[in-house]
Amino acid sequence: MGKGALTRMLTPDNDDLRVAIIGAGRMGADHAERLARRTRRAVVSAVVDVDHDRTSTVAAETQELQDAPVEALSSLEQVIEAGKADAVVLATPGFLHEEALLRLISAELPVLCEKPLTPGSQSAMRVLEAESTAVRRTIQVGFNRRFDDGYRQLKEVIDSGELGQLLMMHFQHRNPAAPEWFTEEMLINDSVVHEFDALRFFTGEEVASVQVRTGRQTSQGTMRDPQMVLLETTSGLLADVEIFMNSGLGYQVEVQGVFEGGVVSAGHSSGLQTTAAHQQSWPISDNFHDRFAESYDREIQEWVDAVRDGRAGGASVWDGYAVAACCEAGVASQQSGQIQSVSLIERPAFYA
Ligand code: ISE
């Protein structure tokens with residue numbers, strides 16, 4: 001069996017991809033549920049977490065939803081050693097990713113790694129170096145916006161050139177309230193991380209510089225909030241991101257492209273619009289799990305299909321590395337208020 005191919009042969013129609021979920025927190029449990037309930041040609045074979053109770057609960061709940069047994073395990077090593085999975089969803093906290101990814105690369109197991117790839121560009125580079133000695137990509141980074149319908153449609157408008165040159169982009173990223181444990185750095189590393197990837201996705205360019213400005217502050221929460229993040233791509237396209245963690249307004253993530261021939265927005269609520277009592281209204285989600293549910297479903301299904309076909313899709317380790325470098329520049333600019341340049345190594349031909 002060649003490097004990068006599945007370690008077990010699957011038949012096209014009736015054999016399911018066995019997926020182990022590593023990390024049984026909110027995101028891991030969510031992915032287990034969508035794999036068991038809504039994903040074709042895949043089953044969850046194991047749930048792994050150091051928290052025994054959580055592992056057993058998620059494994060039992062997942063098993064209820066599918067026709068195949070789910071093992072509750074406590075280490076990734078058990079999955080690899082005993083050949084318990086054909087592929088892995090890595091949903092542990094980011095600081096645990098590097099070690100797991102290096103092990104998974106050496107075991108040749110395809111991975112969908114929840115963002116971030118790793119918390120810093122140095123660790124991301126070590127993963128990149130390890131993966132790029134393989135025959136093909138086995139790691140997909142879970143930047144789910146790439147699978148959102150509106151984002152994809154906007155990308156098509158940009159690529160088609162039908163409205164002329166893209167001149168500028170505006171991003172709006174509002175959460176109703178930051179969790180208690182949320183830090184100011186996380187505002188960049190956990191939230192704006194998506195816009196770094198999205199701008200690269202839309203333009204096909206790297207981010208050249210990042211500047212974070214803080215102005216008037218909400219009285220809600222404990223950190224400087226909202227913040228304005230200004231980005232410039234390598235060709236000079238400018239973009240701004242309003243990140244507002246304690247907006248109190250619900251979950252609103254939108255993007256607008258300003259073209260020579262028009263303006264296109266994506267990300268508005270897809271619910272019903274109501275006109276009554278002299279006003280129009282539409283629903284706003286409370287959280288990203290609801291707002292982006294379809295994009296997560298599509299991300300997992302397309303990943304399963306790609307793994308089964310021996311292909312790689314979505315964001316690569318290169319994307320994860322480039323975004324980690326943007327985050328470092330963003331956090332540095334939070335401190336300095338200055339424009340921070342983003343410097344990257346030369347892109348290896350492996351990620352062309
Ligand atoms: C969270 O981790 C996400 O990934 C959400 O998409 C983002 O909107 C939120 O701010 C993050 O905390």
Side-chain angles (χ1 to χ4, degrees), residues 23-31 34 89-97 112-119 140-152 169-202 212 214 218 220-229 231 239-256 266-270 284-300 303 314-315 319-320 323-324 326-327 330-331 334:
R26 173 79 201 257
M27 216 52 227
D30 240 40
H31 285 323
R34 72 171 42 85
V89 169
L90 185 61
T92 53
F95 73 93
L96 296 171
H97 286 183
L112 177 71
C113 171
E114 259 310 320
K115 60 90 190 167
L117 174 67
T118 65
Q140 178 176 324
V141 184
F143 286 124
N144 69 299
R145 272 47 165 181
R146 291 177 181 232
F147 298 86
D148 178 73
D149 218 21
Y151 276 56
R152 283 190 163 179
M169 298 199 83
H170 304 292
F171 292 89
Q172 174 191 295
H173 190 159
R174 298 188 187 131
N175 284 223
E180 264 169 34
W181 38 264
F182 209 84
T183 63
E184 197 170 307
E185 285 187 2
M186 289 178 77
L187 188 140
I188 297 292
N189 292 334
D190 200 56
S191 302
V192 182
V193 65
H194 284 293
E195 279 73 29
F196 291 139
D197 182 64
L199 182 62
R200 298 176 62 263
F201 167 69
F202 284 128
V212 179
T214 53
T218 174
Q220 305 302 308
T222 50
M223 62 192 165
R224 291 180 297 170
D225 183 38
Q227 300 192 7
M228 177 68 81
V229 185
L231 309 174
D240 59 82
V241 185
E242 172 203 315
I243 175 68
F244 192 3
M245 287 303 298
N246 292 294
S247 74
L249 298 171
Y251 188 79
Q252 293 179 296
V253 172
E254 295 174 14
V255 51
Q256 188 174 79
H268 299 294
S269 162
S270 54
I284 298 174
S285 312
D286 282 338
N287 57 64
F288 64 89
H289 295 279
D290 293 344
R291 159 68 181 85
F292 282 113
E294 275 179 38
S295 74
Y296 286 121
D297 286 355
R298 204 171 290 129
E299 175 182 51
I300 290 283
W303 172 69
D319 297 310
V323 167
C326 293
C327 287
V331 171
Q334 270 184 329

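Indexing begins at 1, ligand by ligand and atom by atom, following the structure's order.
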Could you tell me whether the side chains of [X] and [Y] share a donor-acceptor contact shorter than 3.5 Å?
{"X": "Glu185", "Y": "Gln334", "value": "no"}
{"X": "Gln140", "Y": "Glu299", "value": "no"}
{"X": "Glu195", "Y": "His173", "value": "yes"}
{"X": "His170", "Y": "Glu254", "value": "no"}

Heavy atom of the protein closest to [atom] (residue, atom name, distance):
{"atom": "atom 10 (O) of ligand 1", "answer": "Ser191 OG, 2.7 Å"}
{"atom": "atom 3 (C) of ligand 1", "answer": "His194 NE2, 3.6 Å"}
{"atom": "atom 9 (C) of ligand 1", "answer": "Asn175 OD1, 3.4 Å"}

Does Asp197 come within less than 4.0 Å of Lys115, counting only side-chain N to carboxylate O? no
Relative to the ring of Phe288, is the ring of Tyr251 parallel (under 30°), tilted (30 to 60°) or perpendicular (over 60°)?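 Correct class here is tilted.
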Those residues that, when tested against Gln220, pass side chain to side chain donor-acceptor pair (under 3.5 Å) (two or more places apart): none
Hey, which atoms in ligand 1 end up nearer than 4.0 Å to a heavy atom of Phe182?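 So the answer, numbered in order with elements, is 12 (O).
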Sub-4.0 Å atoms of ligand 1 with respect to non-hydrogen atoms of Tyr251: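 In order of numbering, the contacting atoms are 5 (C), 6 (O), 7 (C), 8 (O).
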Within reach of ligand 1, part of [X] (heavy-atom separation under 4.0 Å):
{"X": "Phe292", "result": "neither"}
{"X": "Asp190", "result": "both"}
{"X": "His173", "result": "side chain"}

Could you tell me whether ligand 1 has any atom less than 4.0 Å away from a heavy atom of Arg145?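 Arg145: in contact with ligand 1 (<4.0 Å).
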